[in-house]
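Computation of the quantities below employed the complete heavy-atom set of this structure, encompassing side-chain atoms and omitting hydrogens, waters and symmetry-equivalent molecules.
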Amino acid sequence: MTSIAEDRLAKMGLSLPKPWTPRGNFLPYRRDGATIFLSGQICEWDGSVVLEGPVGGATGADAAHDVARICALNLLYALKLACEGDLDRVEEVIRLGGFVNCVSGFSGSPAVINGATDVFIAAFGEAGRHCRTAVGVAGLPGNAAVEVDAIVRIRL
């Protein structure tokens, strides 16, 4: 079953990833009533990190912006699991947290994380608008350029 959100993404040429297993010893999500806490997802696709950091050196901000979209798609995959296969149950995206593996002094983290934000807004419309943090960090798992986590409220 595809949702309205997945149909919207398909019109943009985007789709959710194939089933995957977390890299570490953690759950992809935790549900507390109607609130879903999604674990951070790096820019990994088919088991490989798509873009390594640090951003602001050899890795450009535009490329990092593009792979932030991959992080969002990985989050949506986990969210679909949490919604028992039905992304139409999403009421609102509450918060996104974005982490950019970057060189010291890099100030473009918000622009990079816009790549993930744009996916959530495209998928859910106004319900995809969220509050957000976008920070630069010295490293991420797999030396990934970007990682994003989220908190979402769903219909019970």
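- A donor-acceptor pair under 3.5 Å links the side-chain atoms of Asn74 to the main chain of Glu44, judged by distance alone.
- Side chains of Arg8 and Ser3: no donor on one and acceptor on the other come within 3.5 Å.
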Requested in this report: Kindly indicate, with the supporting measurements, whether the criterion side-chain contact (heavy atoms from CB on, under 4.5 Å) is fulfilled by Glu52 and Thr59.
Outcome: CA-CA 7 Å; Glu52 293 187 358; Thr59 300; 5.7 Å; no
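- No chain of hydrophobic side-chain contacts below 4.5 Å, direct or via other Ile, Leu, Val, Met, Phe, Trp or Tyr residues, connects Val137 to Val55.
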Requested in this report: Please report the C-alpha distance between Glu126 and Ile121 in whole Å, then the side-chain angles of each, then the deciding distance to 0.1 Å, and finally whether the side-chain contact (heavy atoms from CB on, under 4.5 Å) criterion is met.
Outcome: CA-CA 6 Å; Glu126 284 302 308; Ile121 294 170; 5.8 Å; no
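- Ile70 places a side-chain heavy atom less than 4.5 Å from the side chain of Val50.
- Under a hydrophobic-cluster definition in which Ile, Leu, Val, Met, Phe, Trp and Tyr are linked whenever side-chain heavy atoms come within less than 4.5 Å, directly or via other members, Val100 and Val135 are assigned to different clusters.
- Considering only heavy atoms from C-beta on, Ile113 comes within 4.5 Å of Val146 through its side chain.
- We find the CD1-SG distance between Ile36 and Cys83 to be 6.0 Å, quoted to the nearest 0.5 Å.
- Counting heavy-atom neighbours within 6.0 Å of Arg69 CZ, excluding the residue itself, gives a total of 12 or less.
- Hydrophobic clustering (side-chain heavy atoms under 4.5 Å, transitive across Ile, Leu, Val, Met, Phe, Trp, Tyr) keeps Ile4 apart from Leu76.
- Under the 4.5 Å side-chain criterion, counting only non-hydrogen atoms from C-beta, Glu6 is in contact with Leu16.
- Here the closest heavy-atom approach between residue Gln41 and residue Leu75 is recorded as CG-CD2, 3.6 Å.
- Taking 4.5 Å as the limit, every side-chain heavy atom of Arg129 sits out of range of all side-chain heavy atoms of Glu92.
- Of all non-hydrogen atoms in Arg23 and Gly142, the two that sit nearest each other are NH1-CA, 4.0 Å.
- Counting heavy atoms from C-beta on, the side chains of Arg132 and Thr117 come closer than 4.5 Å.
- The two atoms that bring Ala5 and Asp88 nearest to each other are N-OD1, 4.0 Å, heavy atoms only.
- Here the side chains of Ile94 and Val152 are not in contact, with every heavy-atom distance at 4.5 Å or above.
- Contact record, Gly136 with Cys102: CA-SG, 3.5 Å, taken as the closest heavy-atom pair.
- Sorted pairs that involve residues 113-149 and meet ring-ring contact (aromatic ring centres under 6.0 Å, His included), not counting sequence neighbours, are lacking altogether.
- Under the 4.5 Å side-chain heavy-atom criterion for ILVMFWY residues, no single connected hydrophobic cluster contains both Phe37 and Phe99.
- Counting only residues at least two apart or on different chains, the ring-ring contact (aromatic ring centres under 6.0 Å, His included) pairs with a member in residues 12-31 are Trp20-Tyr77.
- For the pair Leu73/Leu9, a side-chain contact is recorded, criterion being any heavy-atom separation below 4.5 Å from C-beta on.
- Put simply, Val112 and Leu14 are part of the same group of oily side chains (I, L, V, M, F, W, Y) that touch within less than 4.5 Å, one to the next.
- Ser39 is not listed as a side-chain neighbour of Pro28, based on a closest heavy-atom distance of 4.5 Å or more.
- Other residues sharing a hydrophobic cluster with Val49 under the 4.5 Å side-chain heavy-atom criterion for ILVMFWY residues are Ile42.
- A salt bridge is defined here as a Lys NZ or Arg NE, NH1 or NH2 lying under 4.0 Å from an Asp or Glu carboxylate O, and Asp149 with Arg95 meets this definition.
- In this structure, the separation between SG on Cys71 and CG on Leu51 is 10.0 Å, given to the nearest 0.5 Å.
- If you take CG on Asp7 and CG on Leu87, they are separated by 10.5 Å, rounding to the nearest 0.5 Å.
- Across every non-hydrogen atom of Trp45 and Ser15, the tightest pair is CH2-O, 3.4 Å.
- Remark: the backbone N or O of Glu91 is not paired with any side-chain donor or acceptor of Arg153 at under 3.5 angstrom.
- Between Gly53 and Asn101, the closest heavy-atom pair is CA-ND2, 3.8 Å.
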